[in-house]
Amino acid sequence: MSQPSSAPAASHQDRPQVRTTLDRVPLGLLARVTDLSLEGLLRRRLLDLGFVLGAHVRPVRRSPLGDPTAYEVMGAVVALRRTEAAGIGVSYRDS
Amino acid sequence: MADPKTMPAYLVRLQADASGLTIDGQDVRDHMVGTLYRRAEQIADACSHAAAGAASGATAPAPAPAASSRLRRKSWDSRLDDLLTAPLWGLLAMLGVLGVLFWLTLVGANYPSRLLGRLLFGLGDALSALFRAAHAPDWLHGLLVLGMYRSLAWVVAVMLPPMAIFFPLFTLLEDFGYLPRVAFNLDSLFRRAGAHGKQSLTMSMGFGCNAAGVIACRVIDSPRERLIAIVTNTFVPCNGRFPTLIALASIFFGGMGVAGATRGAIAATAVVLALVLAGIAVTLLVSRLLAGTVLRGIPSVFVLELPPYRLPQPGRILVRSIFDRTLFVLTRAAMIAAPAGALVWIMANVSISNTAGIPGGAVGGDTILSVVASLLAPLGRFLGMDGYVLTGFLLGLPANEIVLPITLMGYTSAGTLTEVEGLASLRGVLVANGWTSLTALCVMLFSLLHFPCGTTLLTIYRETGSRKWTALAALLPTAVAVTVCALVAGGARLIVAAFP
């Protein structure tokens, strides 16, 4: 649960901050949830899974056929389709 | 809101307080979940720091050992995931896993099946001797031993070994955590078909039992996509149909399962695998069709957890697969097979012209079964099969397991069901009744694509609460099966006519 608060953040402090949506974060980079533009049931489901404001999310792998992408969030791995991930605003430091 | 004049004073006060707040429901929920997660993180941090402090004896916050061991385990997990969800290897691994599953079932079930058949039919002979010794009337002996007992024995001998192998293996995969990866790999196909990615989970369940698969469709939230998954679940061959597919594939495409014939077993496995893939392709096509016509709508959300892999627990797997699945399905099949066997025996032994008394042994000719079969014969031939097989499919509505036994009883009617203890003798009966590889192929395709069994239909009715959808779930697959079989049989006839 505590992995986001450990070392890497400090060394990347000087890198430019990119604001985008979760579906555009490159695999392996750590992003932070800044806003959720989703409504209703999906919003609740994503919140319950840990996509809360300020949460750290990392895209870890893509499906062989390209679409759902698995994200590491709050110590769990959750797969989202591109359309859903596009509703999650994030910021990450470019490497 | 109610009229303030009729409300108690404390409610008026509350309402006034509430109107001063500007937050809406969504904000409250977001705030609650956010706080929960922050608090949980604080507690987890405190715990791991405390643990680290206790372990090292230092007070400074050191990196938690719990976290590092979690990282190690995660790398093992994620390396396996890298392989199982890799662009090409992931899909090949899926096929490989499925193929190995079928191969083990097919090869492993052959010998115990024969042994069990010999045992049970031997017991049947002993029962017959007992009836004769007691001077029981012929019809009673026929009804109880030749009808009920023999179909029961057939179902047990043919179904128990493959189920006892397939279900534990499948449960092993399930327990290991592989199934969500399959859904992850295939979601894109389902999305393009207008269906839900979790449909591959309900399909996997359908391999065990379509009724279970239909119930599993509850995991799909959107009613539209749930209906698609329910209606198309029957295109996945369940365990009641696997033995039929495996037996026919071994006999007609795998050199009839002669012991030691590895190449034959591989060929038969390939045929079964191809059938399953055809079933998946039909599922996607029919889903697309439904999503484009009666079940139109926007795709719903897809959120799938990929839990960490777990080392399977053999004990739990055995208990769950043997008791919850194998015995459950077998009991159901047996409960249906016995009365159905009696019914078929009556149909095979009562002749239409002589309904006054039940004869001990109507000799072929115009028994009810042969009359029904000859009525269905033209349609059966059109579909590349014959009247007896089609009768078997219709009478087998309560349970797919008994389609082949009924067909056999029809062939060997008048109560002289040959003792079909191995695949070799089964082949003998079928070939003697004009079966070719084409017949076998059409029967397998029809079995793969036709209407779901009675239990599944009942389950569909219970799950959807609609006669209309239940009817569609029966008619649509039947239409697909009829079309495919007619095309295959017609195509084969054309080829034969063109190249005599």
Side-chain angles (χ1 to χ4, degrees), chain A residues 1-8 22-23 27-28 32-89, chain B residues 26 29-38 40-49 63-64 66-67 70-71 74 77-78 81-82 84-94 180-181 183-192 196-197 221-222 298-308:
Chain A
M1 301 291 156
S2 60
Q3 30 106 330
S5 56
S6 53
L22 186 56
D23 59 314
L27 281 186
R32 208 179 171 87
V33 177
T34 53
D35 64 289
L36 280 174
S37 64
L38 299 157
E39 301 282 320
L41 184 69
L42 176 60
R43 185 188 183 91
R44 286 189 61 186
R45 288 278 292 282
L46 290 179
L47 283 172
D48 290 345
L49 286 166
F51 290 90
V52 292
L53 289 190
H56 292 275
V57 182
R58 190 202 307 271
V60 282
R61 65 187 74 255
R62 252 180 252 294
S63 157
L65 300 171
D67 192 6
T69 300
Y71 298 95
E72 202 179 278
V73 60
M74 298 282 173
V77 179
V78 178
L80 300 178
R81 283 179 179 172
R82 194 166 289 134
T83 41
E84 276 92 62
I88 302 174
Chain B
Q26 186 162 297
R29 266 201 300 272
D30 285 17
H31 190 72
M32 276 164 58
V33 180
T35 311
L36 275 175
Y37 266 108
R38 265 192 303 282
E41 253 182 35
Q42 281 165 8
I43 294 172
D45 276 359
C47 288
S48 58
H49 287 162
R70 193 164 58 225
L71 277 180
K74 216 158 63 190
D77 254 31
S78 62
D81 260 345
D82 286 344
L84 291 180
T85 63
L88 183 62
W89 282 108
L91 300 178
L92 285 180
M94 243 164 43
R181 273 71 186 179
F184 179 66
N185 284 346
L186 294 181
D187 173 63
S188 190
L189 294 178
F190 287 98
R191 182 178 51 88
R192 272 176 250 170
H196 199 282
D221 300 318
S222 136
I298 48 160
S300 77
V301 302
F302 175 73
V303 176
L304 175 79
E305 267 202 79
L306 298 175

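Reminder, nothing fancy here: chain letters follow the sequence lines and each chain counts from 1. Note: hydrogens, waters and symmetry copies are ignored here, and every other heavy atom, side chains too, is used.
- Looking at B:L189, both its backbone and its side chain come within 4.5 Å of chain A, counting heavy atoms on both sides.
- Heavy atoms of A:R45 lying under 4.5 Å from chain B belong exclusively to its side chain.
- Between the side chain of B:Y37 and the backbone N or O of A:M74 there is no donor-acceptor pair closer than 3.5 Å.
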Check against side chain to side chain contact (heavy atoms under 4.5 Å, CB included), B:V33 and A:D48
CA-CA 7 Å; B:V33 180; A:D48 290 345; 4.1 Å; yes
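- Of the two parts of A:V52, only the side chain, counted from C-beta on, holds a non-hydrogen atom closer than 4.5 Å to a non-hydrogen atom of chain B.
- Closest approach of B:F184 to A:A79, counting heavy atoms only: CD1-CB, 3.6 Å.
- Evaluation of the salt bridge (Lys or Arg N to Asp or Glu O under 4.0 Å) rule for B:R38 yields no partner, not counting sequence neighbours.
- Scored by the side chain to side chain contact (heavy atoms under 4.5 Å, CB included) test, A:L27 finds A:P59, A:R62, A:T69 as partners (sequence neighbours excluded).
- Both the backbone and the side chain of B:D81 have a heavy atom closer than 4.5 Å to some heavy atom of chain A.
- In terms of heavy-atom pairs under 4.5 Å with chain A, the best-connected choice from B:L186, B:L36, B:D221, B:L88 is B:D221.
- Shortest non-hydrogen contact noted between B:S188 and A:P68 is N-CD, 4.4 Å.
- Heavy atoms closer than 4.5 Å to chain B are found in the side chain of A:A76, but not in its backbone.
- With a 4.5 angstrom heavy-atom cutoff, A:L49 touches chain B via backbone and side-chain atoms both.
- Rounding to the nearest 0.5 Å places CG of B:L91 at 7.5 Å from OG of A:S63.
- Between A:R61 and B:D82, some side-chain heavy-atom pair lies under the 4.5 Å cut-off.
- In this structure, A:T83 OG1 and B:R191 CZ are separated by 7.5 Å, a value rounded to the nearest 0.5 Å.
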Given the rule in the side chain to side chain contact (heavy atoms under 4.5 Å, CB included) test, do A:L65 and B:D187 qualify, once you have shown the distances and angles that lead to the verdict?
CA-CA 8 Å; A:L65 300 171; B:D187 173 63; over 6 Å; no
I would like to know whether B:V303 and A:L42 meet side chain to side chain contact (heavy atoms under 4.5 Å, CB included); could you show each step before the answer?
CA-CA 9 Å; B:V303 176; A:L42 176 60; 3.9 Å; yes
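- The two residues A:P64 and B:P87 make their nearest non-hydrogen contact at CB-O, 3.4 Å.
- B:L304 contributes atom CG, which lies 10.0 Å from atom CZ of A:R81 (distance to the nearest 0.5 angstrom).
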